[in-house]
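None of the values given here were measured: they were computed from a predicted structure.
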Amino acid sequence: MPKTTMPTTVIEDAVHLACRAPSYHNTQPWRWVVGGGRLHLFVDADRVVATDHGGRQALISCGAVLDHLRVAMAAAGHKSHVQYYPNPADDKHIAAIEFTPTAHVTTGRRRRADAIMRRRTDRLPFGPPAHWDAFERLLRKSVDPDKAAVDVVSPRDRPTLAEASALTDTMRLYDSAYHAEMRWWTAPYEVNDGIPHSALVSAAESDRVDVGRTFPVTHNEERRVELGDDMSTMLVVSALGDVRRDILGCGETLSAVLLEATLAGLATGTLTHVTEVPAARDIVAAVTGKPLPQVLVRVGTAPALEEAPPLTPRRPLSDVLHFSVG
């Protein structure tokens with residue numbers, strides 16, 4: 001593939017937009033390097049949390065940012081050509097990406113890039129998603145079945161997922177390392193990573209979402225009272241195998257799911273807590289019939305006139321993007 005030179009600002013703008021991708025506790029465990037005519041993506045080992053055993057959550061996060069990068073570059077008029085794990089001796093070197101110009105930027109590509117800035121992780125109760133059958137058809141077209149499996153959880157299996165979520169809380173009740181991690185990433189001070197209190201929920205709000213991670217609660221006034229209990233539809237993204245490339249593919253698929261939902265005007269919330277504990281993960285696997293579930297996604301509707309919450313913080317571009325010399 002011929003290497004295409006382009007203005008530095010194009011790469012900077014695309015990486016800046018791509019880094020709006022969701023990541024585990026908003027840790028943003030990625031590092032970008034421009035060198036040799038290519039853009040390289042690495043796992044930032046310094047930002048892999050201690051309880052992320054095996055680095056699965058970091059890989060899912062990096063898969064999401066990689067797919068976001070492709071979307072951003074497509075809107076800028078460039079097709080991305082990804083070589084996965086170009087250095088067999090370095091498992092932190094996830095991808096080397098080259099670009100070729102496209103003849104035309106479609107409206108659809110621009111809209112998908114715009115959806116990156118509109119997407120939020122929403123932990124509040126949802127109303128039921130409208131026109132689900134039509135949305136699911138679009139969703140199936142947007143995801144690559146060779147990267148990961150996506151299953152829709154039937155309403156009859158929803159209580160089983162709620163039981164798995166509750167089991168996760170029970171099994172972590174005395175896990176001091178996990179709770180210390182939660183406190184660190186939700187600390188109530190201004191930073192450029194972690195989860196701000198504006199993105200968390202009160203105890204009453206949390207009680208109305210049957211499948212959700214338990215974070216330190218806030219004392220906000222209860223919101224969306226008119227919706228009652230959560231009526232979202234649940235999706236499960238499962239890996240096709242148990243190697244790094246397969247887990248990365250789950251992150252790429254997660255990105256596609258979230259952006260397709262955003263384009264459809266739907267709200268989303270990403271969940272991994274029930275796949276982090278083996279016993280709960282086995283319950284999810286039994287529901288889907290897929291042995292390696294990695295990510296759950298709640299999809300539903302938020303009140304149309306509700307003000308969008310503020311964007312969660314991101315690290316400065318200078319922290320995540322570097323240009324090699326020579």
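When atom types are taken as modelled, the side chain of Thr301 and the backbone of Pro128 share a donor-acceptor pair closer than 3.5 angstrom. At least one donor-acceptor pair closer than 3.5 Å links the side chain of Ser23 to the backbone N or O of Gln28. The backbone N or O of Thr218 sits nowhere less than 3.5 Å from a side-chain atom of His197 that would complete a donor-acceptor pair. In this structure a side-chain-to-backbone donor-acceptor pair under 3.5 Å is present from Thr102 to Gly77. Looking at Arg109, its side chain does come within 3.5 Å of a backbone N or O of His104 through a donor-acceptor pair. Without hydrogens or angle criteria, Arg120 side chain to Arg118 main chain gives a donor-acceptor distance under 3.5 Å.
For Asp169, the side-chain hydrogen bond (donor to acceptor under 3.5 Å, both in side chains) criterion is met by Thr214, not counting sequence neighbours. When the side-chain hydrogen bond (donor to acceptor under 3.5 Å, both in side chains) test is applied to Asp175, no partner is found at least two apart in sequence or on another chain. Every residue was checked against the salt bridge (Lys or Arg N to Asp or Glu O under 4.0 Å) condition with Asp246, not counting sequence neighbours, and none meets it. In this view, Glu12 satisfies the side-chain hydrogen bond (donor to acceptor under 3.5 Å, both in side chains) rule with no residue, not counting sequence neighbours. Take Thr312 and apply the side-chain contact (heavy atoms from CB on, under 4.5 Å) test, not counting sequence neighbours, and it matches Arg20, Asn26, Pro196, Ala199, Arg314. Residues forming a side-chain hydrogen bond (donor to acceptor under 3.5 Å, both in side chains) with Gln294 (at least two apart in sequence, or on another chain): Arg56.
Taking both residues in full, the closest heavy atoms of Asp229 and Pro125 are given as C-CB, 4.4 Å, listed atom of the first, atom of the second, then distance. The shortest heavy-atom contact between Leu17 and Ile116 is O-CG2, 3.5 Å. Among all heavy-atom pairs drawn from Thr253 and Ala148, the shortest one is OG1-CB, 3.3 Å. The two residues Asn220 and Ser202 make their nearest non-hydrogen contact at O-CB, 3.8 Å.
Note that Arg123 lies in the cation-pi zone of Phe215, set by a 6.0 Å cut-off to the ring centre and a 45° limit from the axis.
Inter-residue side-chain proximity for Met73 and Val10 is flagged as met; some heavy-atom pair is nearer than 4.5 Å. Residues Phe42 and His322 are not in side-chain contact: their nearest non-hydrogen atoms beyond the backbone lie 4.5 Å or more apart. At a threshold of 4.5 Å between non-hydrogen side-chain atoms, the residues Glu260 and Arg112 count as touching.
Among His179, Glu181, Arg172, the single residue meeting the side chain to side chain donor-acceptor pair (under 3.5 Å) criterion with Thr51 is Glu181.
With respect to the salt-bridge test (charged N to carboxylate O, under 4.0 angstrom), the residues Asp122 and Arg224 qualify. The pair Arg223-Glu306 does not meet the salt-bridge criterion, since no charged nitrogen lies less than 4.0 angstrom from a carboxylate oxygen. The residues Asp67 and Lys147 are annotated as not salt-bridged, no charged nitrogen and carboxylate oxygen being separated by less than 4.0 angstrom. Using a 4.0 Å cut-off between a side-chain N of Lys or Arg and a carboxylate O of Asp or Glu, Glu252 and Arg245 qualify as a salt bridge.
A donor atom on one side chain and an acceptor atom on the other are found under 3.5 Å apart for Ser154 and Asp157. Remark: the Thr168 side chain and the Arg213 side chain contain no N/O donor-acceptor pair separated by less than 3.5 Å.
Other residues, nucleotides and ligands contribute at most 12 non-hydrogen atoms within 6.0 Å of the CD atom of Glu221.
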Checklist line | Chi angles and distances behind the salt bridge (charged side-chain N to carboxylate O under 4.0 Å, His left out) call for Asp319, Arg47 | finding: CA-CA 12 Å; Asp319 282 2; Arg47 302 188 71 81; over 6 Å; no
